[in-house]
Number of protein chains: 2
Amino acid sequence: MLIISIRVKLALVLENLVKDNDDMPGHLARRFQQIAVAVFHAEVEQAGYDLTPVQYAALAAISTNPGIDQVTLAGLIAYDRTTITGVVDRLVQKGLLVRNASTRDRRARELQITDEGRKTLSGVAPVVEAAQELMLRGLTAAEGDELLRLLRKAIAAGNELSRAPLREVPEAGKSKPVT
Amino acid sequence: MLIISIRVKLALVLENLVKDNDDMPGHLARRFQQIAVAVFHAEVEQAGYDLTPVQYAALAAISTNPGIDQVTLAGLIAYDRTTITGVVDRLVQKGLLVRNASTRDRRARELQITDEGRKTLSGVAPVVEAAQELMLRGLTAAEGDELLRLLRKAIAAGNELSRAPLREVPEAGKSKPVT
DNA sequence: TACTGATAATCAGCATACTGATCAATATTG
DNA sequence: CAATATTGATCAGTATGCTGATTATCAGTA
């Protein structure tokens, strides 16, 4: 009887305490990302490629910054360095990257895209582009732009709150994308 | 020589083909969610609780819909049913839930929140609420509302594109939250 | 130069998320 | 009723993502 009474009270309290999922930024963020990933996979696979979102991001970043080390790569695309280890593993496995010990710093591994990687990247880039459009298909162009603007602003304010914040590439005359 | 030439051409093509990450909805979606999860974890842990975002969502949904089965739960919070198996495992492990075979349908498991679960939920709900605010701290109130509106709209249009779409709870006179 | 602290990469361990398969039980249909 | 299809839960396998630890190396300093 007493227990039931407590239960009733708590249930009534909870009813007012727990918000609807649709009012939770965190829930909406996860849902949107979930859809984004599903669209990415569907489009990329349908085009005959086997590449995950993070693999694409890493490949593109290395293409633009040849010889980059893994920590810098992680900062550039805002992934945790421990995650990048496995991602690079799989890209090397697929023959899209090579990973060599750096001569300047023997702790570091220099990442280079292979010809195969370049071919894959140029083939898949338009597909990825199309997938990005698909994610916003429910919005008008203006709304899509506004969504991106608001996301960028919220992300900028929260950048340091995650373990994997975005980091600008530090080095100056770093690299031309061409050998 | 020939190879170098191909490499140069591809690199030039790639430069125009690969978009900046900041223009990719998918990238921004992941970053925002990454920050959202980090904020959630930090706030919840700081308040002395050990609960992940999906565990919170599941606990709240079961509290509102006692006796729900796992597939319905998954649809209600838009998670994949195979993911929910593990999530429920861990909530049962922590003593926040009980999972019993249903008498109506012996394939199904009926989920009930425990008193311990109710206590945890009522304690952590305000913390989760605060975390949701924190995620939007870079935005004005109006911008925050607009972001949520645009996310809801984009998600509604893409709902069926993921393997785990949101599903309304079907049954009619389903349940009062009180025993 | 020996010492101290920082850094690049990796690893172990845990918790999502997904695809595709299996198993048991239920629903549907000829 | 029997055959078939569907459904709820789980499992195997793969890939993120994270925390915290370890190892090798580098950088700065007493």
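In what follows, chains are A, B, ... by sequence order, proteins preceding strands, each numbered from 1. Because the structure is predicted, anything quoted here is derived from the model rather than measured.
Between Val71(A) and Gly86(B), the one whose closest nucleotide on DNA chain C sits nearer the 5' end is Val71(A). For the pair Glu110(A) and Thr52(B), both in contact range of DNA chain C, the more 5′-proximal nearest nucleotide belongs to Glu110(A). Where Ala78(A) and Thr103(A) each meet DNA chain D at their nearest nucleotide, the meeting point lying more 5' is that of Ala78(A).
Taken to the nearest 0.5 Å, the CE atom of Met24(A) stands 4.5 Å off from the CD atom of Gln132(B). Annotation: the span from Leu166(A) atom CG to Glu160(A) atom CD amounts to 9.5 Å, rounded to 0.5 Å. Leu96(B) contributes atom CG, which lies 11.5 Å from atom CG of Asp115(B) (distance to the nearest 0.5 angstrom).
If you take CG of Asp105(A) and P of dT7(C), they are 12 Å apart, rounded to a whole angstrom. For Ile84(A) and dA9(C), the CD1 to P distance is 11 Å, given to the nearest whole Å. Straight-line distance from the NE2 atom of His41(A) to the C1' atom of dT19(C): 10 Å, rounded to whole Å. Between Arg107(A) atom CZ and dA8(C) atom P the separation is 6 Å, expressed in whole Å. Between the P atom of dA17(C) and the CZ atom of Arg30(B) lies a distance of 14 Å, rounded to the nearest Å. As a whole-Å value, the separation of Arg106(B) CZ from dC23(C) C1' is 14 Å. Remark: C1' of dA9(C) and CG of Leu111(A) are 11 Å apart, rounded to the nearest angstrom. Computed from coordinates, the Ile35(A) CD1 to dA17(C) P distance equals 14 Å when rounded to whole Å.
Side-chain N/O atoms of Gln34(A) include none lying less than 4.0 angstrom from OP1 or OP2 on dT16(C). At dA17(C), none of the side-chain N or O atoms of Gln33(A) fall inside 4.0 Å of OP1 or OP2 (strictly under the cut-off).
Between Ile62(B) and Gln112(B), every side-chain heavy-atom pair lies at or beyond the 4.5 Å cut-off.
Heavy atoms of Val87(A) sit under 4.0 angstrom from primed sugar atoms or phosphate atoms, though from no base atom. Residue-level contact check: Thr82(B) touches the bases, meaning some heavy atom is under 4.0 Å from a base atom. If you check every strand for non-hydrogen atoms under 4.0 Å, Thr85(A) touches a base. Nucleic acid contact class of Thr83(B) (heavy atoms, under 4.0 Å, all strands): base.
Tracing side-chain contacts under 4.5 Å through hydrophobic residues (I, L, V, M, F, W, Y), one never reaches Leu73(A) starting from Val98(A); they form parts of separate clusters. In the hydrophobic clustering of ILVMFWY residues, with side-chain heavy atoms under 4.5 Å counting as a link, Val18(A) and Met135(B) come out apart.
Ion pair Glu143(B)/Arg149(A) flagged as a salt bridge, since at least one NZ, NE, NH1 or NH2 atom sits closer than 4.0 Å to an Asp/Glu carboxylate oxygen.
Each of dT16(C), dA25(C), dT10(C) was ranked by its minimum atom distance to the side chain of Arg81(A); first place goes to dT10(C).
Here dT7(D) sits opposite dA24(C) as a Watson-Crick or G-U wobble pair (both hydrogen-bonding atom distances under 3.5 Å).
Taking a heavy-atom distance under 4.0 Å as the criterion, the stretch of DNA chain D touched by chain A extends 5' to 3' from dA15(D) to dC26(D).
Donor-acceptor pairing under 3.5 Å is recorded for the side chains of Thr72(B) and Asp69(B).
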